[in-house]
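Structure first, then comments.
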Amino acid sequence: MTTIAFLGLGNMGGPMAANLVSSGHTVHGFDPVPDAVKAAEANGISTFPSAVEAVGAAEVVITMLPSGEIVKKCYADILPATPTGALFIDSSTISVDDAREIHRQALDHGFAQLDAPVSGGVKGATAGTLAFMVGGEDEAFSAARATLEPMAGKIIHCGAAGAGQAAKVCNNMVLAVQQIAVGEAFVLAEKLGLADQALYDVITGATGNCWAVQTNCPVPGPVPTSPANNDFKPGFATALMNKDLGLAMDAVASTGSRAPLGTHAAQLYRNFAEQHADLDFSAIITSLH
Ligand code: NAD
């Protein structure tokens, strides 16, 4: 079994680290927020007063942090303090450029490093069914498998450094566009006198089918577990979709890409997040009437 340093024990990192403990790994954690530390300790994680101390005996270092700036600062602190031979895995959602920068820095210090952002939310983190999108060298990917498996439903090696983050922003840009399109369709259907259930049955059996309707249906009724049945309690919060679309727009700008629908979706979510950051992102339908 492996000694794993886990930095960032928040909504996602807390349950991910707990699953590593349950599968027999030794987990050394750090988080600056006392409540996160308390919850982690209750789940069998040994916590330390600083990131530098938490990585002191690590064979694997996992970061699950809020932003690229924080991950870069954290790497600058811990790279000189981590034992030779450790494998670094960053599961935070950050920009492709930041992911490639920390990869280079880890390599410069002699460490293998992977970007491994996730989808599946807090539910997936708790159940150990996250989808990991991984970027980095083949050898590092093979070495990471045993660590990722207790937290994962699916692990996909997407390519070289940054490819995991690239896959995540592309997927979430598609998801944002689809959730808006599905919302528009249900609003139009209502105005045409078409019942929600009838539209749901047709789309899910036809060419318009996608997760945004089949699982995350934005009107109450057809899918009893969708956030629309629960006052749009997330689910996947608008704030997080807005964050991910910001990263997608950074990537569109830095590559000189054209993404007219993704760009419009990002703008709609930016506006929606000003008032409704805490609602599930399918609540965008309420702005489409
Ligand atoms: P969170 O804010 O709940 O947790 C982040 C934790 O990092 C906090 O507890 C914070 O105190 C801690 N932290 C901040 N600076 C730190 C440092 N220097 N060292 C150690 N810990 C530090 O956020 P979250 O929802 O757990 O998300 C974490 C990452 O996962 C983000 O990048 C997010 O975009 C991504 N993500 C979140 C979800 C989700 O549904 N919540 C889904 C997929 C991906």
Side-chain angles (χ1 to χ4, degrees), residues 4-19 27-41 43 45 47-55 58 61-79 81-82 88-96 98-99 102 115-134 148 151-154 164-165 167-173 175-176 211 216 227 233-248 250 269 273 277-282:
I4 301 169
F6 206 113
L7 311 178
L9 301 164
N11 292 325
M12 294 291 290
M16 289 165 74
N19 282 326
V27 180
H28 292 178
F30 168 68
D31 194 294
V33 171
D35 280 352
V37 169
K38 214 157 119 196
E41 294 254 343
N43 285 324
I45 293 143
T47 61
F48 289 74
S50 71
V52 164
E53 286 159 280
V55 300
V61 177
I62 301 178
T63 38
M64 193 55 173
L65 299 169
S67 71
E69 282 315 305
I70 293 175
V71 175
K72 286 194 286 186
K73 167 86 180 57
C74 178
Y75 266 52
D77 291 342
I78 62 177
L79 282 171
T82 305
F88 281 72
I89 302 172
D90 179 40
S91 282
S92 326
T93 303
I94 66 173
S95 73
V96 175
D98 284 346
I102 59 167
D115 52 294
V118 299
S119 81
V122 176
K123 240 189 223 168
T126 305
T129 57
L130 292 169
F132 281 84
M133 297 155 262
V134 186
L148 297 181
M151 303 182 284
K154 203 184 263 183
Q165 298 292 353
K168 168 122 190 174
V169 291
C170 289
N171 177 68
N172 279 13
M173 190 170 78
L175 176 61
W211 185 90
N216 217 40
K233 196 167 167 280
F236 185 46
T238 295
L240 289 169
M241 177 52 93
N242 189 39
K243 172 192 169 180
D244 291 1
L245 287 170
L247 296 173
D250 290 347
Y269 272 108
D278 293 342
L279 296 184
D280 185 77
F281 78 112
S282 61

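Order of listing sets the numbers, starting from 1, for every ligand and every atom in it. All values below were derived from every heavy atom in this structure, side-chain atoms included, with hydrogens, water molecules and symmetry-related copies excluded.
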**Message:** Below 3.5 Å, N or O to N or O, backbone or side chain included: is there any such pair between M12 and ligand 1?
**Reply:** yes
**Asked** What do we get for I94 next to ligand 1 when only non-hydrogen atoms under 4.0 Å count, side chain, backbone, both or neither?
**Response** neither
**Message:** Which option wins on minimum heavy-atom distance to atom 6 (C) of ligand 1: D31, L65, N11?
**Reply:** D31
**Request:** Mark up the atoms of ligand 1 that fall under 4.0 Å of a heavy atom belonging to F30, in ascending order.
**Result:** 19 (N), 20 (C), 21 (N)
For residues 8-19, tabulate all N or O donor-acceptor pairs below 3.5 Å that involve a side-chain atom, not counting sequence neighbours.
unit_1 : atom_1 : unit_2 : atom_2 : d
N19    : ND2    : P15    : O      : 3.4
N19    : ND2    : A125   : O      : 2.8
N19    : ND2    : T126   : O      : 3.4

**Item:** From CA spacing to verdict: ring-ring contact (aromatic ring centres under 6.0 Å, His included), Y75, F88
**Value:** CA-CA 10 Å; Y75 266 52; F88 281 72; 5.3 Å; yes
**Which residue and heavy atom of the protein sit nearest atom 39 (C) of ligand 1, plus the separation** = L240 CD1, 3.4 Å
**Request:** Keeping the roles fixed (side chain from N172, backbone from D244), state whether a donor-acceptor pair exists under 3.5 Å.
**Result:** no
**Prompt:** Does the K243 side chain pair with the main chain of T93, one donor and one acceptor, at a distance under 3.5 Å?
**Reply:** yes
**Complete:** If we number the atoms of ligand 1 from 1 as shown, the ones under 4.0 Å from a heavy atom of S92 are 32 (O)
**Item:** atom 15 (N) of ligand 1 protein-contacted, heavy-atom criterion under 4.0 angstrom
**Value:** yes
**Fill in**
Looking at K243, E69, M64, K168, the heavy atom closest to atom 30 (O) of ligand 1 belongs to M64
**Prompt:** Going by the angle between their ring planes, with limits at 30° and 60°, are F48 and H28 parallel, tilted or perpendicular?
**Reply:** tilted
**Asked** Counting heavy atoms only, which part of C74 comes closer than 4.0 Å to ligand 1: side chain, backbone, both or neither?
**Response** neither
**Asked** Does any donor atom in the side chain of D90 or T63 lie under 3.5 Å from an acceptor atom in the other side chain?
**Response** yes
**Fill in**
heavy-atom search around atom 13 (N) of ligand 1 in the protein gives P32 CD, 3.7 Å
**Message:** Starting from atom 4 (O) of ligand 1, what is the nearest protein heavy atom, named by residue and atom, and what distance separates them?
**Reply:** G10 CA, 3.3 Å
**Message:** Show me which atoms of ligand 1 lie under 4.0 Å from any heavy atom of G8.
**Reply:** 7 (O), 20 (C), 21 (N)
**Item:** N/O donor-acceptor pair under 3.5 Å between T238 side chain and L279 backbone
**Value:** yes
**Request:** Considering only non-hydrogen protein atoms, determine which one is nearest to atom 35 (C) of ligand 1 and report residue, atom name and distance to 0.1 Å.
**Result:** T93 OG1, 3.5 Å
**Prompt:** Hey, is atom 2 (O) of ligand 1 touched by any protein heavy atom at less than 4.0 Å?
**Reply:** no
**Prompt:** Counting only N and O atoms by type, is there a donor-acceptor contact under 3.5 Å from the side chain of Q165 to the main-chain atoms of L247?
**Reply:** no
**Request:** Say whether P66 and ligand 1 are in contact under the criterion: heavy-atom distance to a ligand atom below 4.0 Å.
**Result:** yes
**Request:** For atom 18 (N) of ligand 1, grab the closest protein heavy atom and report residue, atom and distance to one decimal in Å.
**Result:** I70 CG2, 4.0 Å
**Item:** Test log, rule side chain to side chain contact (heavy atoms under 4.5 Å, CB included), inputs F132 and L130
**Value:** CA-CA 6 Å; F132 281 84; L130 292 169; 3.9 Å; yes
**Prompt:** Is a donor on one side and an acceptor on the other found under 3.5 Å between the side chain of K168 and the backbone of A116?
**Reply:** no
